[in-house]
Amino acid sequence: MKTTFISKENNEVKFKMEFTKEEFNDAIVEAYKATKNQFVIDGFRRGKAPRSIIEKHYGEGVFFEDAINSMLDTGYPQAIKELELEVIDRPDMDFEEIAKDKDVVVNVTVAVYPVVEVKDYMGVEVEQPEFTADEADADKELESMRKRNARMIVAERAAEDGDTVILDYAGFVGDEQFEGGTAESQELKLGSGMFIPGFEEQLVGVKAGEKKDVKVTFPEEYHAENLAGKEAVFHCTVHEVKEEQLPELDDEFAKDVSEYDTLKELKDSIIERNEKMAADRSMNAGKDAVIKKVYELNKPEVPRVMVEDEMDRMMQEIDQELRYQGMNLQQYLGFIGQDYNAFREDARENATEKVGTRLVLMSIVDAENVEISEEELEAELKNLAEAYKSDVDKVKEMIGEDGMVYFKKDMQLKKVIDLLYDKARVKKVKPEEIKPEVTEVEK
């Protein structure tokens with residue numbers, strides 16, 4: 001196949017693909033082999049009729065469509081790659097004369113990733129919130145570490161809020177015991193909110209070996225309709241009361257939970273890490289502000305097909321996230337009582353901004369001739385390999401040849417964002433001093 005570039009105007013490219021008559025005939029042979037079982041010819045068993053007989057019976061062009069589709073399935077991606085095009089829509093294809101023993105010529109018109117004319121993107125003025133980390137944050141984290149390493153011991157006293165009780169219970173509405181309201185040796189942390197509102201509070205003050213009737217009213221919106229809004233009583237028997245025993249905050253604790261020998265070293269490492277995280281958070285917030293400002297200054301006309309594709313991606317991501325939680329998008333929409341099309345349409349503005357922002361940034365990449373060197377690429381691949389605890393060759397294999405094109409584009413985006421941030425006039429302020437943007441409607 002021969003590919004010839006014709007023209008590019010705005011975000012539309014025209015090119016020509018030419019398949020030789022030999023390539024066309026080979027594709028016809030393959031189409032015959034793949035579909036011959038579909039033809040029934042008198043005098044021949046299914047799939048045994050020669051190609052010439054089928055063509056005589058159904059017409060010379062009976063295999064043309066399948067042959068051309070087969071050539072395009074491999075030829076079109078090859079042409080896109082050869083011409084280094086990033087297409088955003090399906091192509092329009094115009095075929096010249098199609099005949100046996102002749103070359104097949106296809107004139108292609110396709111929309112490609114647009115480059116917009118950008119301006120005023122260097123030196124924008126933005127406010128950056130300065131997040132901080134202090135010793136109190138480290139103390140909170142140490143306390144959380146204590147709780148994670150606490151052990152449960154039997155408490156020889158009445159249950160208090162925060163204790164864990166081991167109990168049996170049986171639930172009744174009136175004189176009738178209801179399904180799902182019975183358990184034995186159930187663990188329940190008082191104050192956790194895991195049981196019906198009002199249940200846990202009534203067990204405060206109960207000792208091991210004591211019985212307690214807990215009276216509750218099921219919420220009106222309770223998932224079991226036969227119980228919703230009804231009063232119930234749970235006959236409870238408490239077997240044990242347990243309390244958390246927290247370890248002492250000392251050097252031994254530091255050795256047990258970390259690689260440090262002293263509590264001071266552990267705390268200092270937490271402070272250092274929190275300070276870095278706060279600095280990174282501040283810088284990322286500053287970069288986000290720069291990106292948003294540059295987008296607003298260059299807000300482009302975004303091709304509708306790109307917005308629709310982005311909305312589809314957003315719906316797929318939401319569906320995937322919901323599946324991790326045990327449901328899918330359709331179930332979620334049924335739960336909140338919203339139509340899919342309306343839910344998808346709500347994402348249009350966000351999708352438009354996401355696509356428009358990428359358009360602007362990639363256009364700046366083009367305007368500033370931002371390139372990724374082999375050294376930069378290898379360093380990024382090495383970082384990725386370390387993150388996945390793998391080696392660079394396996395990461396390259398995972399990304400793939402086609403994926404590497406987009407991998408480099410993402411690196412170009414990061415590089416241009418760093419450039420814009422470095423050139424921006426950044427005013428550092430306290431987070432509470434940043435005023436929310438006022439929309440035209442609010443004005």
Side-chain angles (χ1 to χ4, degrees), residues 1 3-17 72-94 106-122 287-288 290-317 344 347-373 376-377 380 399-421:
M1 183 196 75
T3 303
T4 306
F5 177 83
I6 298 175
S7 66
K8 180 180 180 182
E9 187 174 348
N10 296 325
N11 67 315
E12 190 173 83
V13 168
K14 294 183 179 181
F15 63 91
K16 180 183 293 186
M17 293 188 297
L72 291 176
D73 283 345
T74 56
Y76 178 68
Q78 180 182 326
I80 294 301
K81 185 176 181 180
E82 182 181 331
L83 297 175
E84 297 182 345
L85 302 178
E86 188 174 352
V87 302
I88 61 172
D89 202 358
R90 293 182 179 181
D92 289 328
M93 295 187 178
D94 180 32
V106 190
N107 293 303
V108 182
T109 302
V110 64
V112 295
Y113 203 95
V115 175
V116 299
E117 187 177 345
V118 285
K119 60 181 181 179
D120 303 330
Y121 54 83
M122 288 295 189
K287 288 181 179 181
D288 288 343
V290 170
I291 292 168
K292 189 169 185 63
K293 188 68 172 286
V294 171
Y295 167 72
E296 292 294 339
L297 290 170
N298 293 276
K299 191 178 292 187
E301 189 71 30
V302 182
R304 183 179 179 85
V305 64
M306 295 183 73
V307 177
E308 296 293 335
D309 286 347
E310 183 61 32
M311 290 165 69
D312 288 341
R313 272 191 290 273
M314 291 169 71
M315 295 303 104
Q316 290 170 3
E317 287 175 2
R344 184 178 180 277
R348 182 174 297 279
E349 184 177 350
N350 188 18
T352 301
E353 183 169 339
K354 286 178 71 174
V355 175
T357 298
R358 188 177 177 89
L359 277 179
V360 169
L361 292 176
M362 287 307 299
S363 297
I364 297 173
V365 166
D366 188 65
E368 296 293 327
N369 195 28
V370 175
E371 298 289 346
I372 301 299
S373 68
E376 289 172 323
L377 178 60
E380 187 67 16
I399 295 173
E401 186 178 350
D402 293 336
M404 193 62 71
V405 175
Y406 298 101
F407 186 77
K408 288 181 180 179
K409 284 187 182 295
D410 285 341
M411 286 186 66
Q412 286 176 307
L413 283 176
K414 292 176 184 176
K415 197 169 181 178
V416 85
I417 289 169
D418 288 342
L419 172 65
L420 294 173
Y421 179 71

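A salt bridge links Arg358 with Asp410: the closest approach of a Lys/Arg side-chain nitrogen to an acidic carboxylate oxygen falls below 4.0 angstrom. Between Arg344 and Glu308, at least one side-chain N (NZ, or NE/NH1/NH2) sits under 4.0 Å from a carboxylate O, which counts as a salt bridge. Taking 4.0 Å as the cut-off between side-chain N and carboxylate O, Lys299 and Glu296 count as a salt-bridged pair.
Proximity of a side-chain donor or acceptor of Asn298 to a complementary backbone N or O of Lys119 within less than 3.5 Å is detected. Remark: side-chain polar atoms of Lys415 are paired, donor with acceptor, to backbone N or O of Glu371 under 3.5 angstrom.
The shortest non-hydrogen separation linking Asp89 to Val110 is O-CG2, 3.5 Å. Shortest non-hydrogen contact noted between Ile399 and Met404 is CG2-N, 3.5 Å. Nearest heavy-atom pair across Met311 and Ala351 is CG-CB, 3.6 Å. Across every non-hydrogen atom of Ala79 and Phe15, the tightest pair is CB-CE1, 3.8 Å.
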In sequence, state the C-alpha distance, the side-chain angles, and the governing distance for Asp92 and Lys14, and then conclude on salt bridge (charged side-chain N to carboxylate O under 4.0 Å, His left out).
-> CA-CA 10 Å; Asp92 289 328; Lys14 294 183 179 181; over 6 Å; no
Please lay out, stage by stage, how Ile417 and Val290 fare under the test side chain to side chain contact (heavy atoms under 4.5 Å, CB included).
-> CA-CA 8 Å; Ile417 289 169; Val290 170; over 6 Å; no
Under the side chain to side chain contact (heavy atoms under 4.5 Å, CB included) rule, what do Met362 and Glu86 come out as? Steps first, then yes or no, please.
-> CA-CA 12 Å; Met362 287 307 299; Glu86 188 174 352; 5.8 Å; no
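Applying the side chain to side chain donor-acceptor pair (under 3.5 Å) test to Glu353 and every residue at least two apart in sequence or in another chain returns Lys292.
Other residues, nucleotides and ligands contribute at most 12 non-hydrogen atoms within 6.0 Å of the OH atom of Tyr406.
One distance of note links CD1 of Ile372 with CD of Gln412; it measures 5.5 Å at 0.5 Å rounding. Between atom CD1 of residue Ile6 and atom CG of residue Asn107 there is a gap of 5.5 Å, rounded to the nearest 0.5 Å. With values rounded to the nearest 0.5 angstrom, Leu72 atom CG is found 5.0 Å from Met17 atom CE. With values rounded to the nearest 0.5 angstrom, Thr4 atom OG1 is found 8.5 Å from Glu82 atom CD. From Thr3, atom OG1 reaches atom NZ of Lys81 across 12.5 Å, with rounding to the nearest 0.5 Å. Rounding to the nearest 0.5 Å gives a distance of 9.5 Å between CD of Glu376 and CD of Glu380.
For the pair Leu359 and Val302, the minimum side-chain heavy-atom distance is below 4.5 Å. In this structure, Tyr121 and Leu361 have side chains that are not in contact, with every pair of non-hydrogen atoms separated by 4.5 Å or more. Residues Leu419 and Ile364 fail the side-chain proximity criterion, which asks for heavy atoms closer than 4.5 Å. The closest side-chain heavy-atom distance from Tyr76 to Val108 is below 4.5 Å. Put simply, the side chain of Lys354 does not reach to within 4.5 Å of the side chain of Arg313, judged on heavy atoms. With a 4.5 Å cut-off on side-chain heavy atoms, Leu85 and Tyr113 do not count as touching. In this structure, the side chains of Thr352 and Glu310 stay at 4.5 Å or more apart for every pair of heavy atoms. With contacts defined as side-chain heavy-atom distances shorter than 4.5 Å, the pair Val355/Pro303 does not qualify.
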